[in-house]
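Worksheet: one structure, shown below.
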Amino acid sequence: MSRHFLELLAREASAVEFEGPIIEARARGADPAEIEELEQAKVAALKVRDLLKRRARREAELSALYDTAGDLAALRDLDAVLEAIVHRARQLLATDIAYMTLHDPERGDTYMRVTDGSISAKFRALRLAMGAGLGGLVAQTAVPYSTADYFADARFRHKDDIDEAVKEEGLVAILGVPLRLGKRVIGVLMAANRSARPFHQEEVSLLASLAAHAAVAIDNARLLQETRNALEELSQAHRTAREHGEAVERAALAHDRMTSLVLRGGGIEDVAAVVTDVLGGSLAVLDDLGRAITGDVGELDSGVFEAAQASRALGRTVRRGDLLIASVDVGGEPLCTLILRSDDADERILERAALVCALLLLFRRSVAEAEGRVRGELLDDLIARPDSPGLADRARRLGVDLGAPHVVVVVKHGGQRERAAFWASSQATLRHGLAAGRGDEVVLLVPGDQAGAVAQRVAAELSLSLHNPATAGACGVRGGPAKVRGDSGRGGTGDVAAAYLEARRCAEALIALGRAGDGASAAELGFVGLLVGDGRDVRGFVDRVLGAVIDYDTRRGTALADTLSAYFGTGGSPSRTAEAMHIHVNTVTQRLDRIGKLLGDGWLEPERALEIQLALRLHRLGHTSTPQTVGPDSI
């Protein structure tokens, strides 16, 4: 009889099939003893069946734990390991869903990390406060909890958002065990059913074992990540140290090259060539006024100059777009600015180059100041002591030929003496002339014969440099052999003193006329020039003001000049002019029209009319006097 039960056990028959032999015995009328024996055999077979099932389940659990341990040993992806653990928990406990929440130390709650079998997006996004819901209670107490009917269980603090998510997922029976690392709970592993069911102790133990593996996996992943981070930091530190060492070595080599160039007499252009050779890109070096010493900067906007100012304040390179800008100042005044157009370059090399360029400019400035003092002393002697011996020889040693035509320029600047004197000294050196600072003015002696043009250029350039009006008066010094000591005649050193006085009067006249910031010689000052000029070129003045009318009279035999004199003499009345000249008033009108065409528009404006009347008077005097002797004293 037991053979039938053994066969049933062998093919893993269901429990109801073990009633078959008893039903069959009763059907054939077996005696009660036989039926009792079959009942006992059935009970024993069912016990064996349960034992075999428990052993099979235990074997499956051990296999799952073994597989989990293997996953941990070959940990590559934490997410994959945690998903495998949750999936095995769902399979071994035969639940509808399994999931894991982890603790968020920043927010102080737990959040869904992994789910298996979930159908609700709201449930997968759920966060559980400590002590809220079954999962929150497990996380808070570090004790496993289970419920056969979640909504009917009053042990949990129900919250609307949690209950809504659980209801949307359709969960009823829930089991949760803590994920523990030592005494610290880092999360909760949970299994749940969508129908009521109790959870046995073996199931709690199994889920706790899986939770322990999950905690180990999380801790291993943390340690592994920390190790990786540490290795990456060490690797990055090593790369940084190596790059820094290479950059320092490269900067030192570049500095050595630049220093060697300077010692061999190289200039800023040579330093710029080294920088572009080492760093690439294109480099421009600007002086204190923002003018290019070398390189092409193109159009620079205000942002570049603001970056240069920031570079001077910070003492380091400033990046603006694809431009690297390093600027150096001395005593708060900008000295030089380097602008490198490059996407990626070593800023230290550019900063060292800026310092080298600044030193070169300071050296040049010192040399220029020393030479400027010598040139200034010579010019002072030419002005104040023109009869001093050896002036011409001193000038020749400085490369100045006093025998050639020169222009003396006196500039009234009203402040910033050092800057004005430095500018004048630089100009004098560049143009093979002399310069000196004298109180609130600077004096230049430069080669040339166009005094007015030189004065205008000097006034414009120095005004730009000082950012203030600079007014320049000029007077020419005609060339010729320098005279001996004590002779201040034409062409000698004494001419410089006389030209200085005239140039100074021209500058003062410009200021008095409200033309500060302008430049002119006596020739450009009209009749005022006759008053301030030593030469008093009366014939030249008459020719400039009235020459067109006089030439017309000479060629045509007309009397336009006489008509003009009569017109001014009668107070500008055409009728009285006609009476005075015994001609018809229409003839006067025609002559005045012709005069207007010859003299140009505006000839009747007050200042112009005054010059014309003065020229007429001088012209009339010129008919009775020798031109060389005519002067303001004859007017």
Side-chain angles (χ1 to χ4, degrees), residues 14-16 50 53-54 57-58 60-61 64 82-83 85-104 107-180 183-215:
S14 62
V16 70
D50 289 341
K53 288 188 65 176
R54 284 198 301 274
R57 185 166 58 249
R58 184 59 179 167
E61 293 171 357
L82 296 182
E83 288 172 1
I85 291 174
V86 171
H87 180 68
R88 285 166 189 156
R90 180 188 176 197
Q91 286 185 321
L92 292 174
L93 271 67
T95 56
D96 296 322
I97 181 176
Y99 51 97
M100 180 188 298
T101 62
L102 292 182
H103 178 60
D104 186 343
R107 298 182 56 171
D109 59 3
T110 60
Y111 63 96
M112 285 289 179
R113 181 68 166 79
V114 182
T115 63
D116 188 80
S118 174
I119 59 174
S120 167
K122 186 174 184 180
F123 184 79
R124 290 193 296 272
L126 187 63
R127 300 186 73 96
L128 305 175
M130 300 299 286
L134 186 144
L137 184 61
V138 172
Q140 185 180 56
T141 62
V143 174
Y145 274 90
S146 67
T147 177
D149 189 347
Y150 173 79
F151 292 102
D153 199 328
R155 293 176 299 167
F156 316 120
R157 180 157 56 91
H158 291 271
K159 293 189 67 176
D160 292 342
D161 58 332
I162 299 175
D163 286 355
E164 288 175 4
V166 172
K167 186 176 293 184
E168 186 174 297
E169 189 66 54
L171 303 183
V172 177
I174 305 175
L175 166 63
V177 297
L179 301 176
R180 302 177 60 171
K183 295 182 179 180
R184 184 165 57 94
V185 177
I186 62 171
V188 179
L189 180 60
M190 310 181 79
N193 247 25
R194 294 189 175 90
S195 59
R197 63 165 280 185
F199 289 96
H200 301 295
Q201 186 58 42
E202 293 89 348
E203 294 174 317
V204 176
S205 298
L206 174 60
L207 197 60
S209 297
L210 291 171
H213 282 83

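In this chain, numbering begins with 1 at the start of the sequence shown. Worth saying up front: this structure is predicted, and the values here are computed from it rather than measured.
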Might you point out which heavy atoms bring [X] and [Y] nearest each other, and give the distance in Å?
| X | Y | result |
| --- | --- | --- |
| D153 | H158 | O-NE2, 2.8 Å |
| P178 | V185 | CB-CG1, 4.3 Å |
| A89 | T95 | O-OG1, 4.5 Å |
| F199 | E203 | CA-OE1, 3.2 Å |
| A98 | R90 | CB-CB, 3.7 Å |
| S195 | A173 | O-CB, 3.6 Å |

What's the separation between atom [atom1] in [X] and atom [atom2] in [Y], rounded to the nearest 0.5 Å?
| X | Y | atom1 | atom2 | result |
| --- | --- | --- | --- | --- |
| D109 | M130 | CG | CE | 9.0 Å |
| I97 | M190 | CD1 | CE | 10.0 Å |
| R157 | L128 | CZ | CG | 10.5 Å |
| F156 | I162 | CZ | CD1 | 11.5 Å |
| L102 | L179 | CG | CG | 6.5 Å |
| E83 | T115 | CD | OG1 | 8.5 Å |

* To do: Could you check L175 against L93 for side chain to side chain contact (heavy atoms under 4.5 Å, CB included), going step by step and ending with a plain yes or no?
  => CA-CA 10 Å; L175 166 63; L93 271 67; 3.8 Å; yes
Flag the pair [X] / [Y] as yes when at least one side-chain heavy-atom distance between them is below 4.5 Å, and no otherwise.
| X | Y | answer |
| --- | --- | --- |
| I119 | E169 | yes |
| Y150 | L171 | no |
| E168 | F123 | no |

* Show your reasoning for whether side chain to side chain contact (heavy atoms under 4.5 Å, CB included) applies to V86 and R113. => CA-CA 10 Å; V86 171; R113 181 68 166 79; over 6 Å; no
* Take atom CZ in R184; do more than 12 heavy atoms of anything else shown fall under 6.0 Å from it? ->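 No - once you tally the heavy atoms of other residues, nucleotides and ligands closer than 6.0 Å, there are 12 at most.
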* **Set of side chain to side chain contact (heavy atoms under 4.5 Å, CB included) partners for D96, sequence neighbours left out** =>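 Here the qualifying residues are N193, R194.
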Identify all side-chain donor-acceptor contacts of residues 135-145 below 3.5 Å with residues at least two apart in sequence or on another chain.
residue	atom	partner	partner atom	Å
T141	OG1	L137	O	2.8
T141	OG1	V143	N	3.4

